Amino acid sequence: AVLAWGIFGQNLGLRAWALATSDQTTADSAGSILSAMAPSPHCDSRPPSPTSDGWEEKPNFSGEWHLERSENQQEFMRAIGYSALIAQMAGLALVQQSIQHHDDEMRCRSETVPPLAPTRFTNFRIGVDEVKTSDEVGRETVLMRPTWRGDVLVAGVRYVKPAHELRLERYMEGDCMVERLRYPGKGLEMRRIFMRSG
């Protein structure tokens with residue numbers, strides 16, 4: 001969905017690319033490649049503590065970002081209906097995000113390397129009721145009520161078909177930008193940790 005929703009970076013093109021460029025050992029371990037990477041020393045290990053007090057300084061997410069690692073991505077993707085193979089191969093994609101964040105306006109560009117689909121653009125205003133969008137393989141989603149909770153940007157994400165109700169949080173951990181996606185109905189969550197490019 002949104003808030004620079006490049007969220008999984010896979011489709012049938014990725015599957016073909018991965019199978020054509022990897023041996024069996026690589027294919028078998030693709031789902032664990034990112035989770036096995038050591039945490040970056042530039043990221044704090046503490047979780048966010050969003051509040052509704054409103055006094056916290058809000059972060060500005062503007063910049064060029066690349067995905068450094070994901071946590072629990074494969075299990076989460078299976079829970080929202082992706083096949084085991086697609087969920088496994090998603091770990092091979094490099095995800096890049098470009099964000100322009102001015103006051104309550106956000107303009108997000110998300111793309112994968114190798115290019116698997118057209119570059120995706122999403123523009124929204126914090127506080128809007130709903131924004132129609134889609135994930136990276138074209139499944140229709142709706143971003144619902146993005147708002148600040150302390151220094152964490154939070155929103156609902158609804159998958160239209162099949163239906164799934166998720167919660168999305170974006171915040172900073174040290175020099176890292178984090179996307180935390182939760183599925184309350186199934187007790188699951190995943191995180192994507194981004195570092196600035198260049």
Side-chain angles (χ1 to χ4, degrees), residues 1-11 14 34 47-52 58-62 65 67-83 86-87 90-91 93 95-101 104-112 116-173 176-194:
V2 191
L3 303 184
W5 184 239
I7 209 112
F8 297 124
Q10 32 44 38
N11 63 10
L14 172 60
L34 294 177
S49 54
T51 70
S52 57
K58 309 290 191 293
N60 187 297
F61 300 116
S62 294
W65 303 89
L67 180 64
E68 181 177 90
R69 70 181 189 276
S70 297
E71 300 170 356
N72 201 39
Q73 176 174 299
Q74 187 172 167
E75 182 181 3
F76 198 94
M77 290 181 65
R78 294 296 308 280
I80 61 173
Y82 288 97
S83 70
I86 292 296
V95 180
Q96 298 176 329
Q97 295 183 355
S98 177
I99 302 176
Q100 298 178 21
H101 179 185
D104 286 340
E105 298 284 344
M106 290 191 70
R107 297 177 179 272
C108 309
R109 185 188 77 230
S110 180
E111 56 189 344
T112 58
L116 308 172
T119 300
R120 302 183 63 254
F121 297 89
T122 304
N123 304 328
F124 67 95
R125 172 179 286 274
I126 296 170
V128 71
D129 189 43
E130 291 188 349
V131 176
K132 291 182 178 180
T133 184
S134 62
D135 72 6
E136 290 179 348
V137 294
R139 288 170 60 182
E140 184 180 357
T141 61
V142 179
L143 178 76
M144 301 180 296
R145 296 175 293 281
T147 188
W148 289 108
R149 189 187 307 165
D151 57 357
V152 179
L153 186 57
V154 301
V157 176
R158 177 189 304 129
Y159 271 78
V160 176
K161 186 184 292 186
H164 301 284
E165 297 284 340
L166 312 178
R167 295 295 298 169
L168 181 63
E169 300 172 356
R170 182 178 296 276
Y171 54 91
M172 299 297 296
E173 282 186 357
C176 300
M177 179 179 68
V178 179
E179 289 178 347
R180 180 183 181 216
L181 195 61
R182 296 186 295 118
Y183 196 156
K186 296 190 177 183
L188 292 173
E189 72 172 65
M190 65 168 283
R191 296 199 327 154
R192 303 202 312 163
I193 294 86
F194 290 84

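Please read these numbers as outputs of a predicted model, since none were measured by experiment.
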Sequence-distant partners of Ser62, side chain to side chain contact (heavy atoms under 4.5 Å, CB included), two or more places apart: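 Side chain to side chain contact (heavy atoms under 4.5 Å, CB included) check on Ser62 returns Asn60, His101.
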Distance (rounded to the nearest 0.5 Å) between [X] [atom1] and [Y] [atom2]:
X	Y	atom1	atom2	result
Asp104	Thr147	CG	OG1	8.5 Å
Phe194	Leu67	CZ	CG	4.5 Å
Ile193	Met177	CD1	CE	10.5 Å
Tyr82	Gln73	OH	CD	10.0 Å
Ser98	Phe61	OG	CZ	14.5 Å
Ser83	Arg78	OG	CZ	7.0 Å

Residues, nucleotides or ligands: over 12 heavy atoms within 6.0 Å of Arg182 CZ: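 Buried by this count: over 12 neighbours within 6.0 Å.
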Within-4.5 Å side-chain heavy-atom neighbours: Ser110 and Trp65: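 Side-chain contact under 4.5 Å: no.
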Close side-chain approach of Tyr159 and Leu166, heavy atoms under 4.5 Å: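 In short, these two side chains touch, coming nearer than 4.5 Å.
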Any residue meeting salt bridge (charged side-chain N to carboxylate O under 4.0 Å, His left out) with Arg167, in chain and number order, not counting sequence neighbours: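 In terms of salt bridge (charged side-chain N to carboxylate O under 4.0 Å, His left out), with neighbours along the sequence ignored, Arg167 is linked to no residue.
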Test item: Arg149 side-chain N/O and Leu153 main-chain N/O as donor-acceptor pair under 3.5 Å: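 Judged by distance alone, no pair lies under 3.5 Å.
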N/O donor-acceptor pair under 3.5 Å between Lys186 side chain and Ala79 backbone: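 Yes, the answer is positive, given that a donor and an acceptor are paired below the 3.5 Å cut-off.
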Side-chain ion pair, Glu173 and Arg191, N-O less than 4.0 Å: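 Salt bridge between Glu173 and Arg191, a charged N being under 4.0 Å from a carboxylate O: yes.
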Test side chain to side chain contact (heavy atoms under 4.5 Å, CB included) applied to Leu181 and Leu188, Asn72, Leu168, the passing residue: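 When side chain to side chain contact (heavy atoms under 4.5 Å, CB included) is applied between Leu181 and each of Leu188, Asn72, Leu168, only Leu168 qualifies.
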Under the side-chain hydrogen bond (donor to acceptor under 3.5 Å, both in side chains) test, residues paired with Glu130 that sit two or more places apart: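 In terms of side-chain hydrogen bond (donor to acceptor under 3.5 Å, both in side chains), with neighbours along the sequence ignored, Glu130 is linked to no residue.
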Closest contact, heavy atoms only, Pro146 versus Ala155: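 Minimum heavy-atom separation between Pro146 and Ala155: CA-CB, 3.8 Å.
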Pair Glu169-Glu189, side chain to side chain contact (heavy atoms under 4.5 Å, CB included): steps then yes or no: CA-CA 11 Å; Glu169 300 172 356; Glu189 72 172 65; over 6 Å; no
